Each structure stands twice: as structure tokens, then as C-alpha cells.
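Atom set for the values below is all heavy atoms of this structure, side chains included, hydrogens, waters and symmetry mates excluded. Note that the structure is a prediction, hence the values are computed from the model and not measured. Read the numbers this way: they start at 1 and go in the same order the structure lists the ligands and their atoms. All residue numbers in this chain count up from 1 along the given sequence.
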Amino acid sequence: MNLKFPKNFIFGAATAAYQIEGGRRADGKGESIWDTFCDIKGNIDRNETGEVACDHYHRFREDVAKMKEMHLDSYRFSVAWTRIIPDGDGKVNPKGVAFYDALIDELLSAGIEPMLTMFHWDLPQALQDKGGWLNPESVKWYTHYAEVLFDAFGGKVKKFITFNEPFVFTDFGYVTGTFPPGIKGNYRNKLIAAHNVLKSHGSAVRLFRKKKINGEIGITLDYAYNCPATKQDKDVKAAARANEFWAGWYFEPVVLGRYPEHAKKWFAERGLLPEITDDDMQLIAEPIDFLGINHYFVNYLEADETNDREGTRTVYPNVHHTDMDWPVTEDGFYELLKYLQSVLKVPLYITENGVSLNDIVTLDGTVEDYDRIDYMKRYLSKLSQAIEEGLDCRGYYYWSLMDNMEWAAGYKPRFGLIYVDYPTQRRIIKRSGEWYRSLIDEKNKV
Ligand code: BGC
């Protein structure tokens, strides 16, 4: 197995504000849609909430010390909009700014590069009350928030990510209804929200350039990727078509400057498409410095004409499955990397990849998560191969730094390199965290 990475390759770990911070009302923080969504019984497994989570808000220094112990090159975290501007569009809260400023300073003095995600799903409730992403004003609200972040952290933070996974929060928010605002089956609203989110992204990138911020800006898209189950032409075409309805709906506008053709036509014929202008498309495709991709698994598809939308049906591979029943499909990851290599003109970062396992603490106080090490080896060997074959990928962030609140699934899934014992908030670096450190040390020796 080949795990060779260039010395300047960045190995990091990622988290998101709502999943780890806690401190729901600390220092003037406003309410987000996740705060209010979790208050409603039945929305989250076991009715868990992020009220305390990993209490990272109060323990961030201890957490940075653990990152240092693991020799991480970089840490990807997200900012809670409601700490910075509690009502979303009004006055800035200096204490919220001070929290992230202290975190960034702590990282820099530990020699860890901060990568800042500006939006990881926790929209201010006050903005949701005005229609949230369905309101065309959302582009202005977001750009104002972006300006506050650029002014506060620009120069210190060298990598900004405008959004995390717009597919997931718009689709789960308006189609499956499993995320706030919890609407089911409203494709039209999903597409309106997605369009406003993509415009907000472009508007923030434009502002970043205008203000000549010293650093780079990109976006993180999830790409679950649909792979053809066979090499037959009909399956290859069907899988490509399916991608248009999923990740492609976000990827193509940002990277190629257009919505995918077939899906666009399909939505238009059913009156589901929002108004899309040429100016919108130019804004959305505003050149970025890098693309972040989050990837966990692929779906294998074969052609099925009875499905009038995507024209596919899923074929289930006989592979290992994780604790959340996600398949482990590293060969598909390689297919995705090859596709990205063929279309991308900017450097790539894998901003998330990881596995949830049923981790336990042994009587000796250790966490022996060898299956996680195996998962990482499988995916990283494919990444290393693709880089050797010419893919310009500059970094990999394991999801997640530590166990945390897995959104609607609550605290049961454990993704971390660090085990969190929630009742005591004790942290234990798992075997996988130690293995990751040895991989980082190996790379730095080269
Ligand atoms: C998200 C994370 C999430 C992870 C595992 C991604 O969709 O960005 O917030 O915890 O996957 O589900």
C-alpha cells in the first residue's frame, strides 16, 4: 500500500461549530435554526441537542493542545454566525469575535494552520424567520456577515471556505425534512434556496477580492458520486445523469459556470426552476482559489428506464459498512478523484473524509479503533495514487477531530480521532489519532 505524500501536503482534522461548541447562550450568542430545531421533540435521535456538545467553547485551549500532540498541520473549524451577529444582520457581538480570535491565536502559536468555514448550517433563527435562504435578501445578509469575518480574521486566517455542503443543508432542509427548517418534498424551494446560497458564495468571493484580503477562498461541496455499476455505455451515461441531480447541481455552476443540462431541463419542465440570469451564473462562477470536497462513499448505479428522473437504480456492493451503515468504497473514491482531475483547474483539498464506529474505552483507558485506521489507509492510498498520477490535491482533513453531535443522529455515531466521554468531557486520543500522527511524522521526514 502506497501512502507517500509530499512534504508540503497538509494533514488536518475538521469540526463544525454546532457539533462541538456548546455554549448555546454564552457571551451574547443568538439562536440558530439548529438550536430551535433540536428543541422540538422527535427531531433528533434520543432528543439530544448541541446545548453542551463537547463544550469546546470553554475547552478550546485543551483541544488545541491535543491537536498539537497529534502533530496536525491544520485545523478546519466553522464559525457560528449567531456568535458574530446574534440576530443575523444587525450589530456585531465583540465577545463572539473575541472567541474565534483567541482560538485562531491559540492555533497559530501551536504551529497549526487555521482553515475557516464561514457557514456550516447554523443559520441565525432571526433570518429564518424572514424566510432564510428563500429570501433574495439572504445574499446581502451573508455578504455582510462575510465582510465582518474578513475584517476580523483576514490576514491571520489564510484559507476561508464560504459554505459547507450546500447540497446537504438545502436538500435535507426542504426535501427530506430531516434538517431545519424541516420541510418535506418541496423541490422548488430547495432549488430557490440553493440558488441563493450559490449566489451568496459568489458574492463573498467577489468581496474577498475587492478587499484584497491576503489569503485564499474556496467552497466545500459534498460529492457522494454516482459510479456506474458496469462499464457498459448505458450505465456510464445513467450514472453521469444521476450526478446532475445530486452533487453536480452545485459543482457544475461553481466549477463550470452552468447548471447541468439534463437536470435543468427536467426541473424546468416541471416548473421547479427559479429564475436564473446570466449575471447570476457569472457571480456563482466567480473564480475560487481552491475547491474543498467532502467525501464518504459512492453509490453504484445501473440504467433503469422506469425511473423517469435519473434513469437509474442502485446496486449494493458487497463491502464493509460503517456504524451508520455507510459502505466503504475506496475504489469509487479513486473514480471521483479521476473525474475531479479531469475538470478542475484549481487545487483540491479533501476537506472531510472519515468513519463512524462503535468505539469503546477499554479497561486500560485506550480506544483500539483499528477499523478506523484501516478505513483511512484505504482512502488515503487512493488519494496518494491519484496525486502521483498528477492530481493537484494539497491537503486532507479527517472528519472529525473529535466525537461530536452527528446532527439528527445525535451523539451515538463516533467519528473522532479523539474519543469524548460526554458526562466527564474527558478526551482520549484514539489509536487512529496516534496512527495519524505517525503518518504526519513520516511525511515530514521525506
Ligand atoms: C458534514 C459533517 C458531518 C459529516 C458526517 C458531512 O456531511 O459536513 O458536519 O458530521 O458529514 O455525516
Side-chain angles (χ1 to χ4, degrees), residues 12-22 32-35 37-38 43-45 48-50 53-54 56 75-81 115-123 161-173 175-176 178-180 194 197 201 218-225 246-247 249-251 291-299 321-329 333 336 349-359 369 372 375-376 379 395-420 422 432:
T15 63
Y18 187 72
Q19 296 179 273
I20 62 163
E21 285 180 359
S32 83
I33 56 173
W34 272 94
D35 292 316
F37 189 71
C38 294
N43 279 347
I44 309 295
D45 289 357
E48 288 167 342
T49 77
C54 308
H56 171 77
Y75 172 54
R76 171 178 176 241
F77 64 96
S78 84
V79 169
W81 189 335
M115 181 185 244
L116 188 158
T117 305
M118 295 155 63
F119 183 85
H120 200 126
W121 309 349
D122 43 357
L123 185 74
I161 292 174
T162 54
F163 283 92
N164 180 71
E165 300 192 349
F167 168 83
V168 171
F169 71 87
T170 54
D171 196 80
F172 293 16
V175 178
T176 68
T178 45
F179 280 12
V197 166
H201 154 76
I219 186 171
T220 279
L221 304 175
D222 51 300
Y223 218 132
Y225 205 56
W246 300 87
W249 191 257
Y250 303 77
F251 181 85
L291 181 75
I293 287 286
N294 292 352
H295 178 81
Y296 292 86
F297 58 84
V298 299
N299 301 307
H321 281 68
T322 75
D323 186 37
M324 287 173 80
D325 213 23
W326 294 359
V328 178
T329 49
F333 178 46
L336 168 63
Y349 287 85
I350 300 302
T351 39
E352 282 181 32
N353 169 245
V355 58
S356 95
L357 295 172
N358 187 15
D359 295 317
D369 58 336
R372 181 167 289 107
Y375 178 98
M376 295 172 82
Y379 280 72
Y396 170 92
Y397 291 76
Y398 178 79
W399 180 271
S400 172
L401 173 71
M402 56 185 158
D403 297 339
N404 58 49
M405 175 158 173
E406 178 52 25
W407 306 108
Y411 293 94
K412 189 168 174 290
R414 290 182 178 272
F415 274 92
L417 296 169
I418 298 173
Y419 184 93
V420 179
Y422 296 109
S432 56

Who are the residue neighbours of ligand 1 when the rule is a heavy atom under 4.0 Å from any of its atoms? Gln19, His120, Trp121, Asn164, Glu165, Asn294, Tyr296, Trp326, Glu352, Trp399, Glu406, Trp407, Phe415
Run the ring-centre check on Tyr18 versus Trp121 and record whether the distance is less than 6.0 Å. no
Partners passing ring pair (Phe, Tyr, Trp, His ring centres under 6.0 Å) against Tyr379 (at least two apart in sequence or in another chain): Phe333, Tyr375
Can the ring centres of Phe179 and Trp34 be said to be less than 6.0 Å apart? yes
Counting the benzene-type ring for Trp, do Tyr223 and Phe167 have ring centres under 6.0 Å apart? no
Worked check of salt bridge (Lys or Arg N to Asp or Glu O under 4.0 Å) between Asp359 and Arg372: CA-CA 10 Å; Asp359 295 317; Arg372 181 167 289 107; 3.0 Å; yes
Side chains of Leu401 and Tyr75 in contact at under 4.5 Å (non-hydrogen atoms): yes
